[in-house]
Student: 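What follows is a structure written as structure tokens; I'll ask about it next.
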Amino acid sequence: MSTASQPEPKDRPARLGVGVVGAGRVGPALAAALQLAGHRPVAVSGVSDASRRRAALLLPDVPLMSPAQVLERSDLVLLTVPDDTLPGLVEGLAETGAVRPGQLLVHTSGRYGARVLDPALRAGALPLALHPAMTFTGTPVDVQRLAGCSFGVTAPEELRLAAEALVIEMGGEPEWISEESRPLYHAALALGANHLVTLVAESMELLRAAGVEAPDRMLGPLLGAALDNALRSGDAALTGPVARGDAGTVAAHVAELRKHAPQTVAGYLAMARATADRALAHGLLKPELAEDLLGVLADGAALPDDGSDR
């Protein structure tokens, strides 16, 4: 059996010219990943100074151009713009004749499937929705993090293999999401990832207020274990005073938060109620303890959030 090594990415013949419309945190990273797979970034558009810096960092020597010019030069176009901007961008590109027949048009919005690209489809483009389930920093580390990253894939059936192949070339794992399920899929990711950042940031602020000098060091092992347990065991991983039904402890939490960080009270109560409901449904919270606990949560919600006492 031959042991000849495979050619380095730079020695492979380029296959597709890749353009990026919207040099936010996502587009340049995906284009850089495609470059590693042998494709050739040819143009990028970006308006802000930050987007231009990201493009220069991740796609050096790739020229900055207008969106129409990017499409003119590219076989594969990554539309990596905010969700609310995407429909208007697609319509505008199609109306101005920028879209070419046979051109692969890829958007990375989690909210939308392939249908948002219908104006481009009517102009002859090949529409793909490839959403990486990853948080991006706008730095080269993002390219490394794509290894093993799941992508939510939606495309016409005849383009499914092409969409999945592109994901694999970027180092990701394709996960097929139906057109109708895209909003729910995206809501699930936002609930887990975006809200996690808010929860961790608030937790660190409270620890600093309590005198902890290195809240990140304190939280790291705890949150890492909690995440691992949750992914492995789901609701069976629930611990803490809510799952145990310690109503007095929860009441003390609410009182302290109302005194020192009243802006966190509503979030604490909402998450505690959701935790109690899940713990009760899965037999972790004893029904005889749930009544007092839910009463504390209801009383906490009824109090004003201005730090005053009643």
Side-chain angles (χ1 to χ4, degrees), residues 25-26 110 132-139 141-142 144-145 148-150 185-282 284-286 289-290 292-310:
R25 297 182 181 185
V26 179
M134 177 58 63
T135 182
F136 287 79
T137 64
T139 66
V141 71
D142 296 333
Q144 302 169 18
R145 286 178 173 174
C149 167
S150 292
Y185 151 81
H186 195 226
L189 295 181
L191 183 66
N194 302 155
H195 296 176
L196 176 63
V197 174
T198 301
L199 289 171
V200 173
E202 287 190 346
S203 181
M204 289 198 294
E205 288 176 356
L206 293 171
L207 286 172
R208 289 191 190 97
V212 175
E213 293 185 359
D216 54 340
R217 188 170 66 230
M218 177 174 283
L219 284 174
L222 173 64
L223 298 185
L227 176 60
D228 183 65
N229 291 342
L231 293 174
R232 291 173 182 271
S233 305
D235 288 304
L238 284 172
T239 62
V242 173
R244 291 192 299 267
D246 290 339
T249 298
V250 172
H253 287 178
V254 174
E256 286 299 298
L257 293 176
R258 197 173 296 282
K259 183 187 305 181
H260 297 286
Q263 73 280 4
T264 67
V265 172
Y268 179 95
L269 291 171
M271 290 303 299
R273 179 58 189 259
T275 300
D277 289 344
R278 299 189 74 88
L280 189 59
H282 288 80
L284 301 173
L285 175 59
K286 296 178 180 179
L289 298 177
D292 287 345
L293 175 66
L294 295 176
V296 166
L297 297 178
D299 290 343
L303 290 173
D305 284 332
D306 59 3
S308 61
D309 295 326
R310 277 189 171 182

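Computation of the quantities below employed the complete heavy-atom set of this structure, encompassing side-chain atoms and omitting hydrogens, waters and symmetry-equivalent molecules.
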Student: How many angstroms lie between atom CG of Asp235 and atom CG of Leu280, to the nearest 0.5 angstrom?
Tutor: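 Nearest 0.5 Å value for the CG-CG distance: 11.5 Å.
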
Student: Quick check against the 3.5 Å criterion: does Ser233 have a side-chain atom that pairs as donor or acceptor with the backbone of Ala230?
Tutor: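 Absent.
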
Student: Could you grab the distance from atom CE of Met204 to atom CG of Leu207, nearest 0.5 Å is fine?
Tutor: 9.0 Å

Student: Return the set of residues passing salt bridge (charged side-chain N to carboxylate O under 4.0 Å, His left out) with Arg244 (not counting sequence neighbours), or none when no residue passes.
Tutor: Asp246

Student: Search all heavy atoms of Arg145 against all heavy atoms of Thr135 and return the closest pair with its distance.
Tutor: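 Distance-wise, the nearest heavy atoms are NH1-O, 4.1 Å.
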
Student: For Val296 and Ala247, work out which heavy atoms get closest and say how close.
Tutor: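 In terms of heavy atoms, the two residues are closest at CG2-O, 3.8 Å.
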
Student: Can you tell if the side chain of Leu227 reaches within under 4.5 Å of the side chain of Leu223, non-hydrogen atoms only?
Tutor: no

Student: Main chain of Met271, side chain of Thr275: is a donor-acceptor contact present, judged purely on distance under 3.5 Å?
Tutor: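 Yes, Thr275 side chain to Met271 backbone: donor-acceptor pair under 3.5 Å.
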
Student: Show the numbers, then the answer: is there a salt bridge (charged side-chain N to carboxylate O under 4.0 Å, His left out) between Lys259 and Glu256?
Tutor: CA-CA 5 Å; Lys259 183 187 305 181; Glu256 286 299 298; 3.5 Å; yes

Student: Ignoring hydrogens, what is the shortest heavy-atom contact between Ala261 and Leu206? Give both atom names and the distance.
Tutor: CB-CD2, 3.6 Å

Student: Distance from Met218 atom CE to Arg208 atom CZ, nearest 0.5 Å?
Tutor: 12.0 Å

Student: Looking at CE of Met134 and CG of Leu189, how far apart are the two atoms once the value is rounded to the nearest 0.5 Å?
Tutor: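 It is 11.0 Å, given to the nearest 0.5 Å.
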
Student: Quick one: list whatever passes side chain to side chain contact (heavy atoms under 4.5 Å, CB included) with Ala274, sequence neighbours left out.
Tutor: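 For Ala274, no residue satisfies side chain to side chain contact (heavy atoms under 4.5 Å, CB included) once neighbours in sequence are set aside.
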
Student: Checking Asp142 side chain against Phe136 main chain: does a donor-acceptor pair fall under 3.5 Å?
Tutor: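 It does not hold such a pair.
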
Student: Does some side-chain heavy atom of Leu257 sit less than 4.5 Å from a side-chain heavy atom of Pro262?
Tutor: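 No, side chains not in contact.
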
Student: Evaluate the side-chain proximity of Asn194 to Thr198: yes if any heavy-atom separation is below 4.5 Å, no if none is.
Tutor: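 A side-chain contact under 4.5 Å is absent here.
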
Student: Would you say the side-chain atoms of His282 pair up with the backbone N or O of Arg278, donor to acceptor, closer than 3.5 Å?
Tutor: yes

Student: If I compare all heavy atoms of Ala236 with all of Leu284, which pair ends up nearest, and what's the gap?
Tutor: CA-CD1, 4.3 Å

Student: Can you sort out the partners of Arg232 under side chain to side chain donor-acceptor pair (under 3.5 Å), two or more places apart, ordered by chain and number?
Tutor: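 Expected list: Asp228.
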
Student: Looking at every non-hydrogen atom in both residues, tell me the closest pair between Pro132 and Val26 and how far apart they are.
Tutor: CG-CG1, 4.3 Å

Student: Check whether any side-chain heavy atom of Arg25 lies under 4.5 Å from a side-chain heavy atom of Thr137, and answer yes or no.
Tutor: no

Student: Closest heavy-atom contact between Leu285 and Ala276?
Tutor: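 Minimum heavy-atom separation between Leu285 and Ala276: CD2-O, 3.8 Å.
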
Student: Is there a side chain to side chain contact (heavy atoms under 4.5 Å, CB included) between Asp277 and Arg273 once you walk through the steps?
Tutor: CA-CA 6 Å; Asp277 289 344; Arg273 179 58 189 259; 3.2 Å; yes

